[in-house]
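To keep things clear, I will list the structure first and then write my remarks on it.
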Amino acid sequence: MTDTSGTPRTSRKSIHLAAHFPGVNNTTVWSASPRALGSQIDFASFTHLAQTAERGLFDFFFLAEGLRLREHQGRVHDLDVLGRPEAITVLSALAAVTERLGLAATVNATFNEPYELARRLASLDHLSGGRAAWNVVTSSDAFTGENFRRGGFLDRADRYTRAAEFVATARELWDSWPPGAERARAGAFAHHGHHFDIEGRFSVERGPQGHPVVIQAGDSSEGREFAAATADIVFTRHGTLEAGRQFYADVKGRLAAHGRRPEDLKIMPGVTFVLGDTAAEAQEKAAEIRHQQISPQTALLTLEQIWGVDLSRYDPDGPLPDIEPDYDAQLSQGRVRHADPRAVVASWRALAEEKGLSIRQTVIEATGRQSFIGTPAAVADEMDTFVQTDAADGFILIPHLTPGGLDDFVEQVVPLLQERGSFRTRYTGSTLRAHLGLAQPS
Amino acid sequence: MPPLNRPLRLAVAIDGGAPQTASAFVDRAQLAERGAFDFVTLDDSLGQPAPGVARLDALAALARVAPTTDRIGLVPTVTTTHTEPFHVSTQVATLDWVSRGRAGWIVEVSATEAEARLVGRRPAAPAPELWHEAGEVVDVVTRLFDSWEDDAEIRDVATGRFVDRDKLHYVDFESATFSVRGPSIVPRPPQGHPVTVIDATPSHVRATAARYADVALIRTDDPDVARVARADLRERTRAWGREPDRLIVLASLPVDLDASADAVALAEFAASWHTDGVADGFHFRPRDPERDLRLLVDGTVPVLQHRGLARHFYPGATLREHLGLPRPANRYALAREASAR
Ligand SMILES: Cc1cc2nc3c(=O)[nH]c(=O)nc-3n(C[C@H](O)[C@H](O)[C@H](O)COP(=O)(O)O)c2cc1C
């Protein structure tokens with residue numbers, strides 16, 4: 001086996017694992033199992049999941065962000081879990097109840113300023129002894145912008161130029177306290193750029209990691225280029241083997257142009273998992289979970305998002321509506337949109353016809369994203385194959401239950417990955433950079 | 001002025017001194033908790049506090065302290081001039097969630113051109129203007145706290161609804177310098193509103209403090225200055241239609257204790273101020289946090305406890321309970337109920 005730089009690989013790649021707190025989407029099941037009834041906001045839930053991840057020797061704990069409650073037909077979307085804490089604050093608290101686990105906050109580069117955010121991230125790095133990471137997201141829609149002074153004026157094309165300058169500026173600030181600096185000059189910086197024209201003295205001393213780890217999530221060509229130039233980790237949605245390999249090769253292939261090596265950037269898809277004692281049991285459980293994730297109401301609403309018209313009079317257990325969609329309507333706000341609704345409608349109709357599916361069944365079939373379903377041994381096997389064959393460097397696991405959704409994985413799958421020699425048996429370093437095998441920036 | 005029969009409120013600053021580290025903050029907060037202080041404060045500013053001096057984000061630092069303490073209130077300084085009000089509200093609400101109802105915040109402005117240049121969004125403005133804006137920030141922040149009614153989360157399996165969206169509210173706030181649509185992304189914090197603290201020492205801050213603060217600080221060691229400031233604040237509070245007893249005025253005193261005898265003398269001094277109606281309590285600002293805090297906890301507080309002025313333990317769990325402040329009703333719930341009638 002060779003890695004992407006062509007050097008023969010003598011040992012197995014080590015899998016990197018991260019835990020995603022079950023957040024605001026219909027992946028998170030809140031309705032059925034008693035174990036689903038944990039709070040999405042009480043600190044105890046965060047403690048439980050983070051401590052489970054640390055028990056499993058995970059690289060980091062990950063929090064997503066949304067800065068406005070989603071809407072559908074002009075009203076707050078009320079079917080999914082809603083309400084979450086502010087990431088850097090909750091991670092600062094988690095630093096007290098964990099010792100090694102990396103702590104990753106998703107924070108938007110459009111609705112923040114480099115000085116303030118660099119300060120908060122560097123503080124988290126100090127308070128956690130070098131475990132901070134920042135997932136740079138860029139959504140700039142005017143809908144979210146209504147909560148901010150800045151508003152939503154940024155063009156799509158400008159999102160990544162601002163994000164790139166934002167990260168570069170943050171790194172200038174983190175570097176402004178060189179080791180052994182003369183006190184009189186400590187923190188001095190001046191950045192006169194297109195998006196930011198700032199100067200002064202940065203108030204936080206250089207953190208234990210030098211720079212907090214930078215994560216990128218976003219899939220366009222601009223997003224990939226930004227990741228190749230800037231990020232330490234890419235968080236992707238390419239959870240299948242083929243799509244994963246293509247994405248992996250594409251992004252890793254972009255690194256050399258930026259003077260970087262393939263191992264400088266870790267590619268970690270967000271994946272779900274369902275475990276069972278037998279393959280059949282796991283499949284059955286997975287089907288049950290899909291049913292809970294796609295309630296009759298969620299099925300109709302999902303269809304409305306694509307059709308662009310109110311479908312509330314349709315029966316979720318009946319056939320797809322034969323009316324023409326309104327492709328220009330935007331019934332939902334605050335969600336990532338389908339690139340080509342016409343193609344989606346056509347494929348969903350074909351799927352429903354071919355298999356004789358109801359609305360709910362069609363949505364369940366068509367939106368299925370479950371990645372790893374099987375016995376613990378099968379799941380360990382498949383995950384390892386992904387990593388050893390360069391479809392990924394590891395995974396960000398998205399459990400469907402809060403907060404106990406990771407328990408089984410840590411108890412049943414992690415030991416098997418360890419037996420294979422693909423996963424650490426103890427933390428060898430104390431910082432997130434050390435877990436990831438990333439160099440300390442000079 | 002009649003003698004105050006309310007218990008003496010006690011707060012202590014844990015900044016200053018040796019390098020700022022998580023373990024130093026934890027040690028100090030735990031020590032203050034042993035002394036049954038109502039809350040600790042941690043100062044902050046956008047820029048360096050003095051040339052070449054580093055500091056950490058105070059709110060993040062006290063979030064780091066929260067799981068290592070049980071009862072003590074946690075009150076960081078939060079600046080409002082350059083930060084988005086929406087972010088301020090989610091951060092303070094989250095501190096309340098992670099501390100299970102022990103959060104407060106000291107509202108502060110950034111008045112210098114040097115601070116304005118750190119963010120580069122707008123030039124410096126005169127302090128009175130910034131304090132007017134800070135009041136608007138407090139206003140919108142508390143509206144955002146209320147934008148989720150307490151029972152908005154329903155988890156109704158029959159209808160598939162996780163929340164009752166009639167109990168989520170747009171705040172639709174617009175001022176000269178910012179606007180916020182809402183609702184918050186964070187459910188209403190445990191205290192309803194975490195405790196708002198304002199340093200009302202400068203007279204141009206008094207109007208904002210009287211209108212919005214739960215606790216006002218007056219930096220002075222002159223009892224007459226404190227007495228006059230307290231009377232002024234209570235008068236202004238009344239003029240805003242608020243119950244004056246809902247504003248707690250603390251004298252904020254620098255302390256520099258060399259020995260146990262100093263700690264006892266401080267207790268005598270504090271007791272006499274309290275009896276004379278000078279202040280509702282004290283915010284001590286130790287010069288040397290390690291040494292002074294130990295002397296306060298082992299020397300000053302026991303004397304005040306012995307005299308029946310200070311508590312021996314925390315009868316409640318939240319900072320509002322420590323301070324005898326009620327949990328605020330939700331303005332949107334009140335309005336909805338009123339219109340339903
Ligand atoms: C796996 C993944 C996770 C994401 N998580 C978030 C998030 O938590 N918050 C957010 O505002 N945007 C999130 N995004 C959106 C991206 O930041 C970005 O705005 C979006 O993907 C569009 O960018 P693109 O055109 O480069 O794909 C995520 C995207 C991906 C692919």
Count the heavy-atom pairs under 4.5 Å between each of Gly120(B), Gly182(B), Pro51(B), Ser23(B) and chain A, then report the option with the highest count. Gly182(B)

Any side-chain heavy atom of Arg181(B) within less than 4.5 Å of one from Arg68(A)? yes

Under 3.5 Å donor-acceptor, Glu205(A) side chain and Arg55(B) backbone: no

Under the 3.5 angstrom rule, does the side chain of Arg117(B) hit a backbone N or O of Gly200(A) as a donor-acceptor pair? no

Relative to chain B, which segment of Phe189(A) carries a heavy atom at a distance below 4.5 Å: side chain, backbone, both, or neither? side chain

Interface moiety of Leu168(B) toward chain A, non-hydrogen atoms closer than 4.5 Å: side chain

For atom NE2 of His72(A), is the number of surrounding heavy atoms from other residues, nucleotides or ligands below 6.0 Å larger than 12? yes

Are any of the side-chain nitrogens in Glu133(B) or Arg149(A) under 4.0 Å away from the carboxylate oxygens of its partner? yes

Taking C-beta and beyond as the side chain, do Arg119(A) and Asp44(B) meet within less than 4.5 Å on heavy atoms? yes

Close side-chain approach of Leu56(B) to Val204(A), heavy-atom, < 4.5 Å: yes

Go through Asp166(B) and Arg75(A) one step at a time and tell me if the side chain to side chain contact (heavy atoms under 4.5 Å, CB included) criterion holds. CA-CA 10 Å; Asp166(B) 291 337; Arg75(A) 304 192 66 194; 3.0 Å; yes

Contacting region of Val97(A) [heavy-atom separation from chain B under 4.5 Å]: side chain

When Leu82(A), Leu79(A), Asp78(A) are each screened for side-chain contact (heavy atoms from CB on, under 4.5 Å) with Phe162(B), the one that passes is Leu82(A)

Verify the neighbour count for atom CD of Gln73(A): are there more than 12 heavy atoms of other residues, nucleotides or ligands below 6.0 Å? yes

